[in-house]
Colleague: 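Before I ask anything, let me first share the structure, which is written out below as structure tokens.
Basis for what follows: all heavy atoms, side chains included, without hydrogens, waters or symmetry-related copies.
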Amino acid sequence: MDILTKIQEEVAKSLLVHYECDVDSDTVLINQTKADFEGDYTVVLFPYIKKVKRSPDELGNTIGTHLKESVADISDFNIVKGFLNVSFSDQYLVKQLDSISQIENYGDFPKRSEKVMVEFSSPNTNKPLHLGHIRTILLGWSMSKIYEKAGYDVFKTCIANDRGIAICKSMTSWKNYGNGETPESSGIKGDFLVGKYYVEFDKHLTKEYQEWQASESASNLFKSKAKDEQTEEAFFKAYKNTYFNEHSAIGKQVKEMLLKWEDGDEETKALWSQMNNWVYDGHNATYANLGVSFDKIYYESETYLKGKDVILEGLKDNTFYKEKDGSIWVDLEDVGLDKKIILRSDGTSVYLTQDLGTADIRYAEQAAEKMVYVVGDEQDYHFKVLFEIMKKLGRSYANGLYHLSYGMIDLPTGKMKSREGTVVDADDLVEEVIEEARKGAKERGEVSQLDKDAQDEIFRRIGLGALKFYILKVNPKKRMMFNPQESVDMQGQTGPYIQNAFVRISSIFRKLGDIPELDFSAYALEPAEKELVKSLLQYPQVIEQAANNYDPSLVASFSYVLAKQFHKMYHDVRILSAETEVAKVFRLRLCKTVGNVLESSLNLLGIEMPERM
RNA sequence: GGCCCCGUAGCUCAACUGGAUAGAGCAGCUGACUUCUAAUCAGCAGGUUUCAGGUUCGAGUCCUGACGGGGUCACCA
């Protein structure tokens, strides 16, 4: 049994024996002792003071004495204002280190039967991936790693939003102005090429729209439809969508393209598939650069029709209802939401329709009890609605659905807007952080003897380590500020700071080789060593918490604290030239374990360790 | 306007889910490399946790209200 549970039980027992006060041992609150106080763990006594009508000191003494007698590994206790601090003996901590240092993959949980599906990235197929995608990709990847470590069977997935009006804009634009340009002919990466024509489309549309605004019919429209005090500019800005749908010539081309696609027109399908493949090649290169992959990619074009079957099913049992115009709706007012359309009057799918169908397909294929959607918080309402519908339909997996909602990324210059050209491309960013790592390493000169490939691999790991840690250290739910300069920082609370701790450890073992055999069970710990051992013991808890709270930032904080404590110890004590042989052997074993746990915990964030830097 | 989220040091973030004197990093100022890698360590300075009430032995954390920021309210995805 783990020692904290043991303490809880003994506290409860002590209260019962000495004061006839019956307390559930699970409710006994134990925290880590604050750094300024003596002790390792703290029992909070306040809840019992009133019940037993004793002073905090008397109560603390009784329980403390009981703990010291009944738990062999507790060496001492003290009481400060209602807090009972207990200390572990050195022998206990040394023994614990000895045992975890011998576990092959320390932190691994026993295999569970449950399967978890994690969906992330899920881009549109009409442009390159950008900084916003990087957050979902890193979060999704990290959650997958954390679940695996926690013993779950994990299935990583992505849904490619490969159909609809957006890709048709790129297609129309390419057909009109592209002159047959391809990634091969132009040397432009596929996703950027398709993105280029998407932007090109918007330029032409804007130009056409501006010319139209000068026409008589447009000014008549403004006079008759504009609200009081609305400026011409504001009015036409709001009207752009309607213009696209009702007046635009190239808008008409796009809509015809979409209809042809839906009719299965061969030429259109061929173009569609060609341009999508360009994008997939581009996206796959970006995923590979980031070191992530998926078990299966679902394509919206293949699943969107399936949603209609679900609609029919719900219509039959009156979960949904039909309006006079033929559109189909769901009423969620009983759970505090609104009425929501789920199938258009012309019988075609909306966004929700697809997600209903996709969820069913995926459950039928994978039977995952948990399904985590890593999607931005602007879609909070959408997912509330989706999950409620699944419950109403009586889906067995409905309660396992979870929206891991993450906040938007802001830049120091404001919000990212593709139209205003303030988007940060994922590829550019990755290249930049690696370049920054290269510069830093060149100055230090530690890796200059290595061959070029080995050096490049180190720069890649350091650069990506900086970027990934910078993003994952923030609680996912929070909106975050992305400062390009800070994202490539390599000092302080950063990925490279943690990698550096690992590199120092690797360096020791390059010089030494294997750890000599020696019994260190009676070793007396230095303060810095004690802190490290206590942190190491927490690792499994951190994994469990990160999994339960959907929060990789907990792992990031843990890694940082562990690295910080290691750097402190490295500074305070000598390792290879320790005072005694016992101290040396103990410290080596400690370093080895710290190195393993640092590597393992950064792996949960998708960060790799360099051997040198 | 309705609903949802957020507000902590100059800046970027923590705070074990209601516990002790709110902690880190960056930026600023000091100091430490002939030593296992200084991408490091030690120190100084920086706070009325947006504001006003309330609940509690105890509130950054829970409740009410105000102020400020963001999101969302499409037969777009």
Colleague: Would you measure the distance from the C1' atom in U35(B) across to the matching atom in U40(B) and give it in whole Å?
Modeller: 14 Å
Colleague: Contact class for Lys511(A) (heavy atom, under 4.0 Å): base, sugar-phosphate, or nothing?
Modeller: sugar-phosphate
Colleague: Classify Leu337(A) by what it touches in the nucleic acid, base, sugar-phosphate, or nothing, heavy-atom distance under 4.0 Å.
Modeller: nothing
Colleague: Would you mind classifying the nucleic acid contact of Ile505(A) as base, sugar-phosphate or nothing, using non-hydrogen atoms under 4.0 angstrom?
Modeller: nothing
Colleague: Between Arg612(A) and Glu300(A), which residue's closest nucleotide on RNA chain B lies nearer the 5′ terminus?
Modeller: Arg612(A)
Colleague: Taking only the side-chain heavy atoms of Val350(A) (C-beta and beyond), determine which of A74(B), G19(B), C75(B) contains the nearest atom.
Modeller: C75(B)
Colleague: Between Glu579(A) and Arg587(A), does at least one N-O distance fall below 4.0 Å, as a salt bridge requires?
Modeller: yes
Colleague: Does a side chain donor of either Asp346(A) or Thr348(A) reach within less than 3.5 Å of an acceptor in the other side chain?
Modeller: yes
Colleague: Does the base of C36(B) carry an N or O that pairs as donor and acceptor with the side chain of Ser507(A) under 3.5 Å?
Modeller: no
Colleague: Between the base of A27(B) and the side chain of Asp489(A), is one N or O donor paired with an acceptor at under 3.5 angstrom?
Modeller: no
Colleague: Give me the atom names and distance for the closest heavy-atom approach of Met613(A) to Glu446(A).
Modeller: O-CB, 3.1 Å
Colleague: Determine: side-chain N/O of Tyr406(A) to OP1/OP2 of C5(B), distance under 4.0 Å, yes or no.
Modeller: no
Colleague: Could you work out the separation of C62(B) and U49(B) based on their C1' atoms and round it to a whole Å?
Modeller: 16 Å
Colleague: For a quick check of understanding: with a heavy-atom distance under 4.0 Å over all strands, which category does Met613(A) fall into, base, sugar-phosphate or nothing?
Modeller: base
Colleague: Taking all non-hydrogen atoms of both residues, which atom of Asn85(A) and which atom of Gly39(A) are closest, and how far apart?
Modeller: CB-CA, 4.4 Å
Colleague: If you measure from the C1' atom in A15(B) to the same atom in A77(B), how many Å do you get, rounded?
Modeller: 38 Å
Colleague: Examine A39(B): is either OP1 or OP2 under 4.0 Å from a nitrogen or oxygen in the side chain of Arg504(A)? Give yes or no.
Modeller: no
Colleague: It should be established whether Lys478(A) places a side-chain nitrogen or oxygen under 4.0 Å from OP1 or OP2 of nucleotide G7(B).
Modeller: yes
Colleague: Is Thr33(A) side chain donor-acceptor paired with the A20(B) base, going by distance under 3.5 Å alone?
Modeller: no
Colleague: To the nearest angstrom, how far is Arg438(A) atom CZ from A39(B) atom C1'?
Modeller: 17 Å
Colleague: Could you check Phe37(A) against Arg510(A) and say which one's nearest nucleotide on RNA chain B is further toward the 5' end?
Modeller: Phe37(A)
Colleague: Under 5.5 Å centre to centre and under 30° between planes: does that hold for Phe83(A) and the six-membered base ring of G19(B)?
Modeller: no
Colleague: In whole Å, what separates the C1' atom of C5(B) from that of A22(B)?
Modeller: 23 Å
Colleague: Could you work out the separation of U8(B) and C13(B) based on their P atoms and round it to a whole Å?
Modeller: 10 Å
Colleague: Applying a 3.5 Å limit to both distances, which nucleotide forms a Watson-Crick or G-U wobble pair with G43(B)?
Modeller: C29(B)
Colleague: Would you please confirm or rule out a distance under 4.0 Å between OP1 or OP2 of G19(B) and any side-chain N or O of Lys81(A)?
Modeller: no
Colleague: From NZ of Lys473(A) over to P of A15(B), roughly how many Å is that when rounded to an integer?
Modeller: 13 Å
Colleague: Can you check whether any acceptor in the base of U17(B) is under 3.5 Å from a donor in the side chain of Asn549(A), or vice versa?
Modeller: yes
Colleague: Which part of the nucleic acid, if any, lies within contact of Val44(A), taking any heavy atom under 4.0 Å across all strands shown: a base, the sugar-phosphate backbone alone, or nothing?
Modeller: base
Colleague: Students often get this wrong, so: under 4.0 angstrom with heavy atoms, is Ala166(A) touching a base, only sugar-phosphate, or nothing?
Modeller: nothing
Colleague: Determine, stepwise, if the pair His403(A) / Asp377(A) fulfils side chain to side chain donor-acceptor pair (under 3.5 Å).
Modeller: CA-CA 9 Å; His403(A) 175 204; Asp377(A) 65 5; over 6 Å; no
Colleague: Can you tell me which residue among Phe387(A), Tyr351(A), Tyr373(A) is in a ring-ring contact (aromatic ring centres under 6.0 Å, His included) with His382(A)?
Modeller: Tyr351(A)
Colleague: Using a 4.0 Å heavy-atom cut-off across all strands, classify Val503(A) as base, sugar-phosphate, or nothing.
Modeller: base
Colleague: What interatomic distance, in whole Å, is found between C1' of C4(B) and the corresponding atom of G10(B)?
Modeller: 31 Å
Colleague: What contact category does Met480(A) fall into here, base, sugar-phosphate, or nothing, at under 4.0 angstrom with non-hydrogen atoms?
Modeller: sugar-phosphate
Colleague: Take atom C1' in C76(B) and the same atom in U64(B), then report the distance between them in whole Å.
Modeller: 38 Å
Colleague: What residues from residues 553-579 of chain A pass a heavy-atom cutoff of under 4.0 Å to RNA chain B?
Modeller: Tyr560(A), Lys564(A), His567(A), Lys568(A), Tyr570(A), His571(A), Val573(A), Arg574(A), Ile575(A), Leu576(A)
Colleague: Identify the nucleotide, in any strand shown, that forms a Watson-Crick or G-U wobble pair with G7(B), with both distances under 3.5 Å; if there is none, say none.
Modeller: C67(B)
Colleague: Below the 4.0 Å mark, does C76(B) have OP1 or OP2 next to a side-chain nitrogen or oxygen of Arg344(A)?
Modeller: yes
Colleague: Regarding Asp346(A), tell me which of base, sugar-phosphate or nothing describes its non-hydrogen contacts under 4.0 Å with the strands shown.
Modeller: nothing
Colleague: Using salt bridge (Lys or Arg N to Asp or Glu O under 4.0 Å), reason through Asp338(A) and Lys384(A) one step at a time and then give a plain yes or no.
Modeller: CA-CA 11 Å; Asp338(A) 304 310; Lys384(A) 265 190 199 165; over 6 Å; no
